[in-house]
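What follows is a single structure, written as structure tokens, with notes after it.
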Amino acid sequence: MSQADDSGLEALARRAERAGLQAPPVEMWNPSHCGVIDIRIDRDGVWFHEGRPITREALVRLFATILRREADGSFVLVTPVEKLTIAVEDAPFLAVEMSATEREGAQRLTFRTNAGDLVEAGPDHPLRFVSDEGGFRPYLLVRGGLEARLTRALAFDLAGQFCERGGRLGIASGAAFFPLPDMEDHV
């Protein structure tokens, strides 16, 4: 869903339950690795425990706050005293809503994730695009190496924001420009 004014952004913030809250400092915690736990996040952003979906949204949001991506690319749930590896099929989060606003003479794109994060695309939260046999998929860096894949509907909304800079097609948000990949490289 796209909105062109601040009321859209305010509405987005109201729906982002964790807006304004700090995630725990998981990057500072270095407990012993305790093994693997049977938790999996599928490519649709659904969390599973022992093969069954976790239906309690509050529990999913809690787990999302202690999720960390390790240097080797693996994903762990981490607390000050333990670290457990989980499986993630694609990106751990989905970007489910977008607001396009004009501020300080520049377009700003703000996204809400299925885990309640509110993230403005920019230098600290870049967009990246994957184009391969699986199709065209945009991703947004949320925090600490954790990304959100834009839902298909949101990717179509984002396509309405394409602009050209320096002969490249891409997306602008704030002072940042995120060029699309050259399509010839993936044909």
Side-chain angles (χ1 to χ4, degrees), residues 1-28 41 43-45 47 57-58 60-69 75 88 90-131 135-183 185-186:
M1 181 170 105
S2 294
Q3 297 293 324
D5 61 15
D6 282 338
S7 65
L9 183 56
E10 289 171 11
L12 189 71
R14 282 191 301 276
R15 288 187 293 278
E17 292 177 19
R18 291 192 12 211
L21 300 178
Q22 295 294 321
V26 296
E27 67 282 350
M28 297 174 64
I41 306 171
R43 68 173 295 100
D44 293 321
W47 290 61
E57 283 299 314
V60 169
R61 288 178 190 267
L62 175 65
F63 284 152
T65 66
I66 60 169
L67 182 62
R68 181 172 80 190
R69 187 154 198 186
F75 295 89
V88 177
D90 187 11
F93 307 126
L94 290 177
V96 295
E97 216 171 350
M98 176 180 73
S99 174
T101 60
E102 182 87 13
R103 195 170 71 243
E104 299 171 2
Q107 170 178 269
R108 310 286 177 150
L109 299 176
T110 304
F111 298 86
R112 182 178 64 84
T113 72
N114 62 326
D117 292 285
L118 194 60
V119 182
E120 182 178 299
D124 294 335
H125 301 281
L127 286 164
R128 76 175 177 93
F129 306 95
V130 173
S131 179
F136 172 80
R137 296 180 312 280
Y139 294 83
L140 172 70
L141 180 63
V142 176
R143 58 183 146 78
L146 301 175
E147 291 183 311
R149 181 176 45 82
L150 277 66
T151 62
R152 185 173 180 86
L154 200 55
F156 282 115
D157 285 349
L158 186 67
Q161 305 296 325
F162 288 166
C163 62
E164 188 176 330
R165 285 195 186 164
R168 296 287 312 263
L169 193 59
I171 299 292
S173 182
F177 181 74
F178 308 104
L180 297 174
D182 292 326
M183 299 309 281
D185 295 343
H186 306 287

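- Across all their heavy atoms, Arg69 and Gly145 have their closest contact at CD-O, 3.3 Å.
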- [ ] Quick one: do Phe93 and Leu140 satisfy side chain to side chain contact (heavy atoms under 4.5 Å, CB included)? Show the steps, please.
- [x] CA-CA 9 Å; Phe93 307 126; Leu140 172 70; over 6 Å; no
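- Leu67 has its side chain within reach of Ile41: a pair of non-hydrogen atoms, C-beta onward, lies under 4.5 Å apart.
- Note that CZ of Phe162 is 4.5 Å distant from CG of Leu180, once rounded to the nearest 0.5 Å.
- Evaluation of the side-chain hydrogen bond (donor to acceptor under 3.5 Å, both in side chains) rule for Arg108 yields Glu104, Glu120 as partners, not counting sequence neighbours.
- Residues Phe111 and Leu154 meet the side-chain proximity criterion, which asks for heavy atoms closer than 4.5 Å.
- In this structure, the separation between CG on Asn114 and CD on Glu57 is 8.0 Å, given to the nearest 0.5 Å.
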Open item on the list: Pair Phe178, Leu109 - check side chain to side chain contact (heavy atoms under 4.5 Å, CB included), show working.
Closed with: CA-CA 12 Å; Phe178 308 104; Leu109 299 176; over 6 Å; no
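- In this structure, CZ on Phe156 lies 10.0 Å from OG1 on Thr151, to the nearest 0.5 angstrom.
- Nearest heavy atom pair, residue Cys163 against residue Phe177, reads SG-CE1, 3.8 Å.
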- [ ] Begin from the C-alpha positions of Val96 and Arg112 and carry the test side chain to side chain contact (heavy atoms under 4.5 Å, CB included) through to its verdict.
- [x] CA-CA 6 Å; Val96 295; Arg112 182 178 64 84; 3.6 Å; yes
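- Rounded to the nearest 0.5 angstrom, Arg128 CZ and Arg137 CZ are separated by 8.0 Å.
- Interatomic distance, OG1 of Thr113 versus CZ of Arg143, reported as 7.5 Å (0.5 Å rounding).
- The line from CG of Leu141 to CG of Leu146 is 8.0 Å long, rounded to the nearest 0.5 Å.
- Minimum heavy-atom separation, Ala172 to Arg165: CB-NH2, 3.5 Å.
- Side chain of Arg168 to backbone of Pro179: no donor-acceptor contact under 3.5 angstrom is found.
- Between Thr101 and Ser99, the shortest heavy-atom contact is CG2-OG, 3.6 Å.
- Between Ala100 and Gln107, the shortest heavy-atom distance links the atoms CB-OE1, 4.4 Å.
- Contact between Ala95 and Ala148 at its shortest, heavy atoms only, is N-CB, 3.7 Å.
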